[in-house]
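This structure is a prediction, so every number in the text was calculated from the model and none was measured.
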Amino acid sequence: MQKKLKLWDAIMLVMGSMIGSGIFIVSADMMRNLGSGFWLIVVWVITGIMTVAAAISYGELSALFPKAGGQYTYLKEIFGRKMGFLYGWGLFTVIQTGTIAAVAMAFGKFTAYLVPALNDAAPIFQSGEFKITWIQILAIAIILLLTYINTRGVESGKLLQNIFTGSKIIALLGLIAAGFIFVDISKMTENFSFGLDSFNNLSKDSLGNFLKKGWEPIGGMALMGGIAAAMVGSVFSSVAWESVTFVSGEIENPKKNVVKSMIYGTSAVMILYIAVNFVYLNALDRDSVAFAENDRVAVAASHFIFGSAGTMIIALLVMISTFGCNNGLILAGARVFQTMAKDGMFFKEAEKNNKNEVPENALWMQGIWASLLCLSGQYGNLLDMISFVIVLFYMITVFGVIYLRFKQPNLERPYKTWLYPVTPIVYLLIGTVFCILLLIYKQQYTWPGFLMVLLGLPVYYFINRNKKVEE
C-alpha cells in the first residue's frame with residue numbers, strides 16, 4: 001500500500017472519527033442518571049482516562065503489527081483467527097456500519113433544522129411502524145457520496161477529512177469560548193452545589209415524558225449503576241479512535257506515527273469533551289440539561305448563548321461534525337474488511353484495490369450494508385447494545401499487550417506502553433467494573449450485543465468448514 005497519510009492526517013482521522021453527534025446529545029441522558037454536575041464531569045474524566053489508557057496500550061501493538069487491519073490484526077495475531085473473525089464480524093454487521101448509519105441519520109436530523117420540509121414531508125413508504133422517510137434517504141445519500149469520494153483515492157478522503165475535522169475543532173473551540181464569555185448568569189455553582197450527592201430521574205408520565213420534578217437521591221450501588229448507565233453515553237461518544245489502526249498500511253512510518261496519532265488525538269478530544277460539558281453546566285441548570293428537547297442539550301445551550309440563532313449555529317456544527325466523522329469511519333473501516341478477505345475470512349471481492357489503490361469493493365460493501373441499516377430504523381437500538389461489546393473487545397486487545405509480554409518477552413518492541421503495566425491495568429480495571437455494573441443493572445445494554453457477536457461463530461465454522469484452521 002502507498003504511504004500517503006502523514007502524522008497530521010492520522011491525528012485528524014483519530015479526532016474526526018471520534019467527534020460525531022454523541023457529544024451534542026448524550027449528556028442529557030447522563031444527567032438523568034446522575035443528577036449532579038459534579039458526577040457528570042467525573043464520568044467524563046473517567047471515560048477520558050479509559051480512552052487515553054487504551055490508546056497508549058494499543059500503541060505497543062500498532063508498533064508490533066504496523067499493517068492494515070489494526071485491531072482485527074492484533075486480535076488475530078495474539079489470540080488466533082477465531083477471535084479476529086468475531087471482532088471483524090461484529091465490526092461489519094453493526095459496530096462500524098451501525099455507527100456510520102447512526103452518524104448519517106444524525107446529519108439528516110440536524111439538516112431538518114435548516115430545511116423544515118424534511119421533517120414535515122410525509123413518509124415515502126409506511127407499513128405499520130416501519131417507514132422510510134426523506135431523512136433516511138438523505139442519510140443514505142451521504143453514505144453513498146462519501147463512499148464514492150473515498151473510492152477516488154486516499155488523497156480525496158484525506159483532504160475531506162482534514163478540512164471537516166479542522167472545521168469542527170475550530171467550531172467547538174468557538175462554542176467553548178462563547179459558553180463562558182457570553183453567559184451572563186452562570187449556572188455552574190448551582191450545578192455543582194449538589195457536591196457528592198447524586199440524583200436519578202427516570203420517572204415518566206403516561207405519555208412517556210420524563211417527570212421534571214421526579215429527582216430521587218441515590219447512593220451506594222444505585223449510584224454505581226447510574227455511573228455505569230451514564231458511561232454508556234460517554235463511552236459511545238469516545239470510541240472509533242482505533243480507526244486509524246485500520247489504515248496503518250497507508251501511514252508514513254506507522255511504527256511511530258500510529259501511536260502518536262492515537263495518544264495526541266484521544267487526549268485532545270477528551271479535553272474538548274470535558275470543556276464542552278462545562279459549557280453545558282455553565283449555561284443550563286440541571287433540568288435544562290437532563291430534559292433538553294430530544295436530548296439535544298447542545299441546541300439548548302446554544303439557544304441560551306446565542307439566542308434564536310443558536311439552533312442554526314449548532315445544526316451547522318453537527319452537520320459539519322457528522323459529515324467529517326462519517327468520512328473517517330468509511331475511509332478506515334473498509335481496510336479491515338479487505339484484510340479479512342486476504343485472510344480468507346470475508347468476501348473474496350473485497351480484497352481487490354482499484355486503479356486508485358483503494359479497496360473499492362470493500363468500500364461499497366460497507367456502504368450498502370450501512371445504508372440498509374439506515375432503512376431498518378433499528379441502528380440506534382443496535383448501538384446502545386454494542387457499547388458493552390466495544391469495551392469488551394477493547395479490554396481483550398489491551399489484555400493482549402500484557403499477554404504478549406509474557407508469551408513473547410523477546411519480541412522487538414519499537415514502542416513500549418508508557419507506565420506499563422499500570423496503564424493497561426487501569427483500563428482493564430475500569431472496563432471490568434463498567435461491564436460488571438452493566439451486567440447487573442442495565443442488561444438491555446449487554447446480552448443483545450454479546451449474542452450478536454456470538455452469532456459470528458457458526459458463520460466462522462461455515463467459512464472454514466473445508467479448511468484445517470490453526471487456532
Side-chain angles (χ1 to χ4, degrees), residues 1 4-5 9-10 12-22 68-72 88 90-108 136 138-165 167-168 239-251 265 318-341 346-347 349-350 352-354 356-375 379 382-383:
M1 290 186 175
K4 293 186 177 180
L5 300 174
D9 303 319
M12 289 293 99
L13 180 57
V14 171
M15 297 184 71
S17 298
M18 288 178 73
I19 306 172
S21 57
Q71 190 170 352
Y72 158 77
L91 201 72
F92 182 77
T93 53
V94 70
I95 295 173
Q96 195 80 0
T97 50
T99 305
I100 289 168
V103 171
M105 283 296 294
F107 178 91
Q136 287 168 292
L138 175 60
I140 291 170
I142 289 299
I143 292 170
L144 298 180
L145 171 64
L146 288 171
T147 298
Y148 172 74
I149 291 170
N150 277 281
T151 65
R152 308 308 296 167
V154 175
E155 291 289 346
S156 301
K158 178 182 83 172
L159 178 63
L160 202 64
Q161 190 65 26
N162 290 352
I163 290 172
F164 276 84
T165 301
S167 299
K168 63 185 170 186
V239 297
W241 50 267
E242 76 280 6
S243 290
V244 73
T245 70
F246 301 164
V247 294
S248 295
E250 292 158 272
I251 296 175
V318 177
M319 287 172 66
I320 292 168
S321 179
T322 49
F323 194 85
C325 176
N326 247 356
N327 182 68
L329 294 170
I330 288 167
L331 185 156
R335 272 63 179 182
V336 181
F337 312 131
Q338 181 186 41
T339 305
M340 290 177 70
F346 198 68
F347 300 109
E349 292 77 9
K352 302 171 187 173
N353 273 344
N354 65 7
N356 299 313
E357 294 299 314
V358 294
E360 181 171 352
N361 290 340
L363 279 162
W364 283 117
M365 288 174 189
Q366 172 184 258
I368 290 167
W369 182 246
S371 297
L372 289 173
L373 288 179
C374 283
L375 289 179
Y379 54 87
L382 292 173
L383 289 177

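- W241 is not listed as a side-chain neighbour of M15, based on a closest heavy-atom distance of 4.5 Å or more.
- Put simply, the side chain of T151 reaches to within 4.5 Å of the side chain of W364, judged on heavy atoms.
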Intermediate values then yes/no, side-chain contact (heavy atoms from CB on, under 4.5 Å), I251 and V247
CA-CA 7 Å; I251 296 175; V247 294; 4.1 Å; yes
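- Separation of atoms CZ (F337) and CZ (F346) is listed at 6.0 Å; rounding is to 0.5 Å.
- When side chains are defined from C-beta on, Y72 does not count as touching L91, because their heavy atoms never get closer than 4.5 Å.
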Run R335 and V358 through side-chain contact (heavy atoms from CB on, under 4.5 Å) and show every step you take.
CA-CA 9 Å; R335 272 63 179 182; V358 294; 3.5 Å; yes
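- Looking at Q366 and I330, their side chains come closer than 4.5 Å, going by heavy atoms from C-beta outward.
- With hydrogens and angles disregarded, a donor-acceptor distance shorter than 3.5 Å links the side chain of W369 to the backbone of T93.
- Proximity of a side-chain donor or acceptor of S321 to a complementary backbone N or O of V318 within less than 3.5 Å is not detected.
- Of all heavy-atom pairs between I100 and A370, the closest is CG2-CB, 3.8 Å.
- Of the inter-residue distances, the one linking I140 atom CD1 with C374 atom SG reads 5.5 Å to the nearest 0.5 angstrom.
- Although no hydrogens or angles enter the test, the distance criterion places a donor-acceptor pair under 3.5 Å between the side chain of T245 and the main chain of E242.
- A heavy-atom distance below 4.5 Å is found between the side chains of L138 and F107.
- Between K168 and C325 the shortest side-chain heavy-atom distance falls below 4.5 Å.
- Side chains of Q161 and N327: a donor-acceptor N/O pair is present below 3.5 angstrom, by distance only.
- A donor-acceptor pair is defined here as one N or O able to donate and one able to accept, closer than 3.5 Å; no such pair exists between the side chain of K158 and the backbone of L5.
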Given the rule in the side-chain contact (heavy atoms from CB on, under 4.5 Å) test, do V14 and S243 qualify, once you have shown the distances and angles that lead to the verdict?
CA-CA 7 Å; V14 171; S243 290; over 6 Å; no
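- In this structure, I142 and F323 approach most closely via the heavy-atom pair CD1-CE1, 3.8 Å.
- With hydrogens and angles disregarded, no donor-acceptor distance shorter than 3.5 Å links the side chain of N353 to the backbone of N356.
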As a quick check of understanding, evaluate side-chain contact (heavy atoms from CB on, under 4.5 Å) for F246 and Q71, giving each step before the final call.
CA-CA 7 Å; F246 301 164; Q71 190 170 352; 4.3 Å; yes
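- By the 4.5 Å heavy-atom criterion applied to side chains, L146 and L160 are counted as neighbours.
- Side-chain atoms of T165 never come within 3.5 Å of backbone atoms of N162 as a donor-acceptor pair (strictly under, hydrogens ignored).
- A distance of 5.0 Å separates OG1 in T97 from CG in L373, rounded to the nearest 0.5 Å.
- Panel note: side chain N361, backbone E349; a donor-acceptor pair is recorded below 3.5 Å.
- Remark: I19 CD1 to I320 CD1 distance equals 12.0 Å, nearest 0.5 Å.
- Rounding to the nearest 0.5 angstrom, the gap separating the CG atom in L329 from the CE atom in M18 is 11.5 Å.
- Residues I143 and S371 come closest through the heavy atom pair CG2-OG, 3.9 Å.
- Between atom OG of residue S17 and atom CD of residue Q96 there is a gap of 7.5 Å, rounded to the nearest 0.5 Å.
- At a cut-off of 3.5 Å, with distance as the only test, no side-chain donor of E360 or N150 sits close to an acceptor on the other residue.
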